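So the structure is just underneath, and the comments pick up after that.
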Amino acid sequence: MAVPSKWTLFAQRSARVAKDHVAAVLRMDPGYSHSPPKTLFTFKSQADIPQYVVGSDADIGGYSSAKLELDPQGHGRFFGEIRTEVRPQMQGKMRSGYAGFRNKMRPSLFGNVTDDLSLYKYLCLRVKAGGDPQTRNGYFVNIQTDGPIETDLWQHRLYLRGNGQWEDVLVPLDKFILTNSGEAVNSNMAMMSESIKSIGISLLGGNANIQGKFELGIDYIGATTDANDLPSTTPTPTGESAPPTSQV
């Protein structure tokens with residue numbers, strides 16, 4: 001399957017922004033109250049994978065590794081190894097033990113694409129935890145909004161059953177905590193859920209001394225207002241049980 005060109009993606013994003021503007025106008029109508037489940041990001045084809053950026057502490061002097069690829073079954077596979085040691089010259093100068101990915105910025109004719117989740121209650125993710133057992137409790141969901149401080153990041157722990165099965169996890173959007181440079185920010189500011197630039201997942205092992213090989217299958221990231229009404233995705237592959245739903 002051919003990967004769309006940058007210009008094709010640019011045109012698609014521009015058309016999406018125009019469509020979203022129309023939808024926003026509709027939502028201003030007092031008689032319009034329907035907010036169907038929304039698929040934000042998918043991990044189902046080779047064309048999806050280049051839309052994400054992957055990083056780890058190895059970028060600044062650590063030893064962790066991370067990759068994002070498509071597995072043979074057509075799902076995203078985020079995997080690598082978390083290590084908490086650092087290179088000798090970086091001792092005491094950096095935090096180690098992290099890896100993560102997020103969507104890239106999405107330029108269009110109208111500026112960078114953002115997602116309006118102001119009418120949604122939950123962020124929902126279909127994921128499958130694998131790898132070493134000690135790594136399965138260290139995942140976080142990260143949201144960056146179009147706010148005034150570029151380094152602000154909204155975070156929530158991603159609680160997983162970790163039994164090697166697909167599961168749909170619902171994370172309340174109003175429970176995300178504001179952080180900056182890895183530290184919680186003491187602020188009463190609400191998240192700008194109407195202007196979300198990027199969403200990603202990270203594995204943070206430094207503070208908890210989590211080390212080992214990690215693997216997270218990921219099918220989609222979406223939003224919903226009803227825990228029983230999830231975004232429409234491709235059917236569960238034959239031979240796999242339907243994923244259970246959990247709220248955190």
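Just so you know, these numbers use all the heavy atoms, side chains as well, and skip hydrogens, waters and symmetry mates. What you see is a predicted model, and the numbers here were worked out from it, not measured in a lab.
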Under 4.0 Å between a side-chain nitrogen and a carboxylate oxygen: does that hold for Lys67 and Glu69? no

Between Arg106 and Asp115, does at least one N-O distance fall below 4.0 Å, as a salt bridge requires?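 Salt bridge between Arg106 and Asp115, a charged N being under 4.0 Å from a carboxylate O: yes.
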
Just wondering, do [Y] and [X] contact through their side chains at under 4.5 Å, heavy atoms?
X      : Y      : result
His75  : Ile218 : no
Leu123 : Val141 : yes
Trp154 : Thr145 : yes
Ile177 : Val185 : no

Flag, side chain of [X] to backbone of [Y], donor-acceptor distance under 3.5 Å:
X      : Y      : answer
Ser65  : Glu81  : yes
Ser56  : Ser64  : yes
Asp71  : Gly74  : yes
Thr224 : Asp229 : yes
Asn103 : Lys197 : yes
Tyr120 : Pro36  : yes
Asp57  : Gly97  : yes
Thr42  : Lys44  : no
Arg161 : Glu167 : no
Gln134 : Gln211 : yes

[atom2] on [Y] to [atom1] on [X], rounded to 0.5 Å:
X      : Y      : atom1 : atom2 : answer
Leu125 : Asp168 : CG    : CG    : 9.0 Å
Leu230 : Leu170 : CG    : CG    : 6.0 Å
Leu117 : Ile196 : CG    : CD1   : 4.0 Å
Ser96  : Arg87  : OG    : CZ    : 11.5 Å
Ile49  : Leu70  : CD1   : CG    : 5.0 Å
Ser198 : Tyr52  : OG    : OH    : 11.5 Å

Can you confirm whether the side chains of Asp146 and Thr114 place a donor and an acceptor under 3.5 Å from each other?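 Absent: no donor and acceptor within the cut-off.
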
Say whether [X] and [Y] are linked into one hydrophobic cluster, either directly or through other cluster members, by side-chain heavy-atom distances under 4.5 angstrom.
X      : Y      : result
Met192 : Met189 : no
Leu204 : Val127 : no
Phe176 : Ile199 : yes
Ile82  : Tyr63  : no
Phe140 : Tyr98  : yes

Show, in sequence, the C-alpha distance, side-chain angles and deciding distance for Arg77 and Glu215, and conclude whether the salt bridge (Lys or Arg N to Asp or Glu O under 4.0 Å) test is met. CA-CA 7 Å; Arg77 178 177 177 244; Glu215 182 171 345; 3.0 Å; yes

Stepwise side chain to side chain contact (heavy atoms under 4.5 Å, CB included) test for Thr179 and Asn142: CA-CA 10 Å; Thr179 69; Asn142 308 309; over 6 Å; no

Please lay out, stage by stage, how Phe41 and Gln51 fare under the test side chain to side chain contact (heavy atoms under 4.5 Å, CB included). CA-CA 9 Å; Phe41 302 103; Gln51 299 179 53; 5.7 Å; no

Minimum heavy-atom separation for [X] and [Y], please, with both atom names.
X      : Y      : answer
Leu178 : Ser187 : CD2-CB, 4.2 Å
Leu119 : Ser35  : CB-OG, 3.5 Å
Pro231 : Thr39  : CB-OG1, 3.2 Å
Ile143 : Met191 : CG2-SD, 3.9 Å
Ser202 : Gln155 : OG-NE2, 4.3 Å
Thr135 : Leu203 : O-CD1, 3.4 Å

Please evaluate residues Asn180 and Leu153 with respect to the criterion side chain to side chain contact (heavy atoms under 4.5 Å, CB included), reporting the C-alpha separation (whole Å), side-chain torsions for both, the decisive distance (0.1 Å), and the verdict. CA-CA 6 Å; Asn180 189 292; Leu153 198 65; over 6 Å; no

Pair Phe78 + Phe43: ring centers closer than 6.0 Å: no

So, do Phe79 and Phe214 have ring centers that fall under 6.0 Å from each other?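 Between Phe79 and Phe214, the centre distance exceeds or equals 6.0 Å.
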
Carefully, step by step, assess Tyr159 and Tyr139 under the rule ring pair (Phe, Tyr, Trp, His ring centres under 6.0 Å). CA-CA 7 Å; Tyr159 293 102; Tyr139 290 102; over 10 Å; no

Please say whether more than 12 non-hydrogen atoms of neighbouring residues, nucleotides or ligands are located less than 6.0 Å from CD in Gln89.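 Yes, the 6.0 Å shell around CD holds more than 12 heavy atoms from other groups.
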
Residue pair Met105, Gln144: steps toward the side chain to side chain contact (heavy atoms under 4.5 Å, CB included) verdict: CA-CA 11 Å; Met105 295 299 104; Gln144 185 182 27; 4.1 Å; yes

